[in-house]
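First comes the structure, then the notes that go with it.
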Amino acid sequence: MSMAPLRRVFVYGTLKRGEPNHHWLTSVANGEASFVGHGTTVVRYPLVIGSRYNIPFLLDVAGQGHNVRGEIYTIDDRMLSRLDVLEDYPRLYERRPEEIRQDVDGVVITCWIYLLQRFPERLLKGAELLEEYRNSAHRPYTESDDDNVFAEHENGAGKDDV
């Protein structure tokens, strides 16, 4: 067992149990991760599905949207660095501490969370704002190694590509 300090992370999209990228959290090669429980953001944020890959994005627009439901994990530094790779931090997402209310007891704790700061305006204006992400209930997520998930916006593609 590692002696490195554990950190908490809040996941709201494809990293949750039963979702397409949950294997990142369960792979021992990525580090240690342990499920703590379910939680909800204290601050409301817009959770949307966007890009041609149907990625769930938590947009960094505090006070809009919903108190987003997700899962809390304790992770080690190695897992945090692997999640940074998946989330393309700091190029695509910002990672910062946020307050999360634990569902089981209502206690507010601080967790790392990934927020999208720079995004096409139509992502906020044209998308359904979700309270919780479920791949099976929405447009299916598509994995990609593309460096620019918003390339279609820069090339003037239509609104259906969001």
Side-chain angles (χ1 to χ4, degrees), residues 1-51 53-119 123-124 130-136 138 140-151:
M1 181 168 181
S2 170
M3 296 306 292
L6 297 178
R7 308 189 187 304
R8 289 184 293 248
V9 65
F10 177 77
V11 299
Y12 52 82
T14 64
L15 284 166
K16 296 188 316 180
R17 292 181 298 174
E19 300 300 344
N21 285 324
H22 183 68
H23 61 91
W24 281 71
L25 288 170
T26 59
S27 172
V28 183
N30 288 338
E32 294 179 33
S34 179
F35 178 74
V36 173
H38 293 93
T40 307
T41 60
V42 170
V43 174
R44 292 181 301 131
Y45 286 104
L47 174 61
V48 301
I49 298 174
S51 90
Y53 304 111
N54 298 322
I55 299 170
F57 294 112
L58 195 59
L59 306 180
D60 192 6
V61 185
Q64 291 190 34
H66 300 281
N67 299 97
V68 175
R69 295 193 318 238
E71 298 175 349
I72 302 164
Y73 289 83
T74 55
I75 60 174
D76 65 7
D77 287 339
R78 189 167 81 195
M79 180 64 74
L80 183 62
S81 69
R82 293 298 297 147
L83 294 180
D84 285 349
V85 169
L86 174 67
E87 303 296 357
D88 200 2
Y89 164 79
R91 191 187 70 79
L92 184 60
Y93 282 94
E94 173 67 22
R95 174 175 44 87
R96 69 169 183 243
E98 284 284 327
E99 291 186 330
I100 304 297
R101 185 175 312 281
Q102 296 181 104
D103 288 357
V104 68
D105 56 12
V107 171
V108 174
I109 61 173
T110 302
C111 299
W112 285 114
I113 190 170
Y114 292 89
L115 295 153
L116 191 64
Q117 292 190 321
R118 292 172 303 282
F119 52 88
L123 195 57
L124 179 60
L130 306 173
E131 188 173 345
E132 183 172 15
Y133 172 81
R134 289 274 177 232
N135 188 54
S136 60
H138 304 101
Y141 167 80
T142 303
E143 191 170 341
S144 170
D145 292 329
D146 192 344
D147 280 350
N148 190 353
V149 296
F150 296 119

Worksheet item: Does R95 have any side-chain hydrogen bond (donor to acceptor under 3.5 Å, both in side chains) partners at least two apart in sequence or in another chain, and if so, which?
Response: D84
Practice prompt. Would you please name every residue forming a side chain to side chain contact (heavy atoms under 4.5 Å, CB included) with S27, sequence neighbours left out?
Written response: A29, N30
Discussion item. Has N135 got a side-chain atom pairing as donor or acceptor with E19's backbone, closer than 3.5 angstrom?
Written reply: no
Item to complete: Could you tell me whether the side chain of T41 and the main chain of V68 form a donor-acceptor pair under 3.5 Å?
Response: yes
Worksheet item: Within the side chain of Y12, is there an N or O that forms a donor-acceptor pair under 3.5 Å with the backbone of Y114?
Response: yes
Worksheet item: Taking only residues two or more places apart in sequence or in another chain, which ones pass salt bridge (charged side-chain N to carboxylate O under 4.0 Å, His left out) with E87?
Response: none
Practice prompt. List for me each residue that meets side-chain hydrogen bond (donor to acceptor under 3.5 Å, both in side chains) alongside E94, sequence neighbours excluded, and say none if there are none.
Written response: none
Worksheet item: Can you name the residues that form a salt bridge (charged side-chain N to carboxylate O under 4.0 Å, His left out) with R69, not counting sequence neighbours?
Response: E131, E132
Response to the item:
Hits for salt bridge (charged side-chain N to carboxylate O under 4.0 Å, His left out) against D103, two or more places apart or cross-chain, chain-then-number order -> none
Worksheet entry | Any donor-acceptor pair under 3.5 Å from R118 side chain to R91 backbone | yes
Worksheet item: Tell me, do Y141 and N21 make a side-chain contact under 4.5 Å, heavy atoms counted?
Response: yes
Worksheet, complete the sentence: Residues pairing under ring-ring contact (aromatic ring centres under 6.0 Å, His included) where one sits in residues 65-98, two or more places apart or in two chains, turn out to be F35-Y73
Discussion item. Going by side chain to side chain contact (heavy atoms under 4.5 Å, CB included), name the residues that satisfy it together with V28, two or more places apart in sequence or in a different chain.
Written reply: none
Practice prompt. List for me each residue that meets side chain to side chain contact (heavy atoms under 4.5 Å, CB included) alongside T26, sequence neighbours excluded, and say none if there are none.
Written response: H22, H23
Practice prompt. Determine whether V9 and L15 make a side-chain contact, defined as any pair of heavy atoms from C-beta on separated by less than 4.5 Å.
Written response: no
Discussion item. Listing request: all salt bridge (charged side-chain N to carboxylate O under 4.0 Å, His left out) pairs with a residue in residues 106-115, at least two apart in sequence or in separate chains.
Written reply: none
Item to complete: Check ring-ring contact (aromatic ring centres under 6.0 Å, His included) between F10 and all other residues, then give those that pass, not counting sequence neighbours.
Response: none
Discussion item. Among residues at least two apart in sequence or on other chains, which ones pass salt bridge (charged side-chain N to carboxylate O under 4.0 Å, His left out) with R17?
Written reply: E71
